[in-house]
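For this chain, numbers begin at 1 and follow the sequence in order.
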Amino acid sequence: MKRQTGFDTDKRLLSFELRVIHNLIKTLLHKMRPPCQRPGTPLTQLQGGILGYLYHHDDAEPVYQKHIEEVFRISRATATNTLQVMEKNGLIIRRVEDRDGRLKRIFMTEEAYREHTQIEKQMERLDDTMLDGMSSAEVEQFLSLLNRVRDNLERMSRDGSGQQEHGLRQETSGQQGRRDRSKCEERQA
């Protein structure tokens, strides 16, 4: 069955399909999310991801900012800013380690842990819905293929491979804007 993508083409673009799925998941998670105990402090996707990461790392496995940077592939500045906001909003606590004063271990607050427990249940329900009708073997194959896609994209991101052979090139925002305007003008002519 052919899906409607909003484009007049028979070719289905994987990047478009993944983006649609991402948006559906984001919308459903937002709808399912329990009311926040802290008015005015909505969670961003990154904050939710960080809480999920902390939730699955118990006290025996310390988490530091460098782990957050690596796992979420974000810059030091982004990690610092995000963690500062999360701490201000009562989602996390950062404590200086006794053995090295430069390291601050990151913990979830009890309130954030309780809220995230509910979110985890909802995410499990969402996973069950997404995988409905798939056998165990199909789920394993699907996850394996997703891992391969991610590995390919990470390799491309890391070393820039494939940019020339796949027709990808870096553009400044000015170049992009000029190109978009000229396409628009061509269509209007």
Side-chain angles (χ1 to χ4, degrees), residues 1-37 42-75 78-79 82 86 91-92 106-168:
M1 174 171 90
K2 185 179 172 188
R3 288 205 179 267
Q4 283 294 96
T5 62
F7 297 106
D8 295 330
T9 180
D10 288 336
K11 184 178 180 184
R12 291 177 59 192
L13 298 172
L14 177 60
S15 54
F16 179 82
E17 295 293 334
L18 291 174
R19 184 62 179 194
V20 168
I21 290 169
H22 170 267
N23 289 339
L24 284 168
I25 291 169
K26 185 177 169 182
T27 299
L28 287 168
L29 285 175
H30 181 72
K31 286 180 181 179
M32 296 166 66
R33 189 168 164 247
C36 187
Q37 301 295 321
L43 288 177
T44 64
Q45 269 186 290
L46 179 57
Q47 289 174 1
I50 291 170
L51 289 178
Y53 183 75
L54 293 169
Y55 184 86
H56 292 283
H57 287 81
D58 61 13
D59 290 337
E61 196 173 351
V63 176
Y64 302 102
Q65 180 172 323
K66 67 179 179 178
H67 296 124
I68 302 298
E69 294 166 14
E70 292 167 2
V71 169
F72 293 95
R73 292 159 182 82
I74 57 176
S75 69
T78 298
T82 301
M86 292 175 75
L91 297 169
I92 64 166
I106 305 167
F107 298 91
M108 289 178 82
T109 62
E110 286 299 319
E111 183 181 6
Y113 188 87
R114 281 192 304 275
E115 284 183 27
H116 197 79
T117 299
Q118 295 303 313
I119 292 169
E120 285 284 322
K121 289 176 185 173
Q122 293 165 344
M123 290 179 74
E124 287 172 11
R125 207 173 86 217
L126 186 58
D127 277 8
D128 290 345
T129 300
M130 286 190 290
L131 301 174
D132 189 35
M134 292 187 200
S135 69
S136 298
E138 288 172 323
V139 170
E140 287 303 314
Q141 182 181 20
F142 177 64
L143 293 174
S144 174
L145 292 171
L146 284 177
N147 282 333
R148 190 177 311 162
V149 168
R150 185 181 60 220
D151 290 346
N152 290 341
L153 292 172
E154 285 175 345
R155 185 180 65 251
M156 185 178 190
S157 175
R158 187 176 50 250
D159 60 23
S161 70
Q163 288 186 355
Q164 298 307 323
E165 62 260 28
H166 294 294
L168 299 175

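The CZ atom of R148 sits 11.0 Å away from atom CG of L146, with the distance rounded to the nearest 0.5 Å. Put simply, NE2 on H56 and CG on L54 are 10.5 Å apart, with the number rounded to the nearest 0.5 Å. Note that CG of N152 is 11.0 Å distant from CG of N147, once rounded to the nearest 0.5 Å. Note that CD of Q141 is 7.5 Å distant from CD of E138, once rounded to the nearest 0.5 Å. Distance CG/D127 to CG/D132: 12.0 Å, rounded to 0.5 Å. Of the inter-residue distances, the one linking M86 atom CE with L46 atom CG reads 7.5 Å to the nearest 0.5 angstrom.
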Test log, rule side-chain contact (heavy atoms from CB on, under 4.5 Å), inputs L51 and I92: CA-CA 8 Å; L51 289 178; I92 64 166; 4.2 Å; yes
Residue pair M130, L126: steps toward the side-chain contact (heavy atoms from CB on, under 4.5 Å) verdict: CA-CA 6 Å; M130 286 190 290; L126 186 58; 4.3 Å; yes
Criterion ring pair (Phe, Tyr, Trp, His ring centres under 6.0 Å) on Y113 and H116, from CA distance to verdict: CA-CA 5 Å; Y113 188 87; H116 197 79; 8.2 Å; no
Intermediate values then yes/no, side-chain contact (heavy atoms from CB on, under 4.5 Å), R114 and E111: CA-CA 5 Å; R114 281 192 304 275; E111 183 181 6; 3.9 Å; yes
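What you find for I50 and I68 is that their closest heavy atoms are CD1-CG2, 3.7 Å.
Annotation: side-chain hydrogen bond (donor to acceptor under 3.5 Å, both in side chains) contacts of S75 (sequence neighbours excluded): T78. When the side-chain hydrogen bond (donor to acceptor under 3.5 Å, both in side chains) test is applied to E69, the partners found at least two apart in sequence or on another chain are Q65.
With 3.5 Å as the limit, one finds no donor-acceptor pair spanning the side chains of H67 and E61.
The side-chain heavy atoms of F72 and T82, taken from C-beta on, include no pair separated by under 4.5 Å.
For S157 (side chain) and L153 (main-chain N/O), no donor-acceptor pair under 3.5 Å exists by modelled atom type.
With a 6.0 Å radius and a threshold of 12 heavy atoms from other residues, nucleotides or ligands, R150 has its CZ atom above the threshold.
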